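As the structure is a computational prediction, the values presented were derived from the model and not from experiment. All ligand and atom numbering here is 1-based and tracks the order in the structure.
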Amino acid sequence: MKMGGTDSKAMESGYEEMMKELYDMAAAATINAYAPFSGFRVGAALLADSGKVYTGVNVENSSYGASICAERTALVKAVSEGERRFTAIAIAAVADGPVESLPCGICRQFMYEFSPEIYIITGTDRERLNVQSLKELLPLGFALDAAGR
Ligand code: THU
């Protein structure tokens with residue numbers, strides 16, 4: 001497993017299997033993606049601090065701008081069940097075949113609201129996953145409190 005930033009042996013050993021399982025759940029979820037317009041099917045599996053996993057898929061709409069990404073679907077499901085803190089999110093995508101897909105900017109900001117240091121797991125193969133912290137992908141996200149409200 002390739003980790004962004006500083007390598008952490010503890011992360012490698014303690015969480016590697018959990019990350020693979022989370023990725024498997026994201027990949028399994030892609031079957032439920034509703035992507036008739038792009039043909040780009042995305043699945044996400046979000047691990048909450050409670051230990052529960054919430055999956056999500058992209059849900060497109062004839063009015064394209066009304067579409068929602070897989071990551072935000074998972075977050076909205078989890079937050080609406082009372083979750084507020086998250087450890088990791090795995091993302092799997094299928095176009096013609098499996099493709100690596102990083103979260104879009106809106107999804108990064110959406111995650112930042114709840115867990116600015118969440119781990120983001122991507123890849124096309126459970127044996128070769130890439131793990132990066134949201135801190136790396138969105139180092140300076142927006143927070144209303146920090147803006148001096
Ligand atoms: N998509 C996601 O589900 N997550 C992302 O982070 C990027 C894009 C979806 C939105 C749309 O349904 C399709 O991928 C093509 O953009």
Step by step, would you call Glu136 with Ile120 a side chain to side chain contact (heavy atoms under 4.5 Å, CB included)? CA-CA 10 Å; Glu136 298 169 78; Ile120 295 167; over 6 Å; no
Which residues pass the ring-ring contact (aromatic ring centres under 6.0 Å, His included) test with Phe40, not counting sequence neighbours? none
Measure the shortest side-chain to side-chain distance between Glu17 and Arg126 over non-hydrogen atoms and say whether it is less than 4.5 angstrom. yes
Pair Thr73-Asn58, side-chain donor/acceptor within less than 3.5 Å: no
Using only atom types and a distance under 3.5 Å, with no angle test, would you say the side chain of Gln109 pairs donor to acceptor with the backbone of Phe142? yes
Give a table of atom pairs where an N or O of ligand 1 lies under 3.5 Å from a protein N or O.
from     : atom 1 : to     : atom 2 : distance (Å)
ligand 1 : 3 (O)  : Ala70  : N      : 2.9
ligand 1 : 4 (N)  : Glu71  : OE1    : 2.8
ligand 1 : 6 (O)  : Glu71  : OE1    : 3.4
ligand 1 : 6 (O)  : Glu71  : OE2    : 2.9
ligand 1 : 6 (O)  : Cys104 : N      : 2.9
ligand 1 : 12 (O) : Asn58  : ND2    : 2.9
ligand 1 : 12 (O) : Glu60  : OE2    : 2.5

Donor-acceptor under 3.5 Å (Arg72 side chain, Phe110 main chain): no
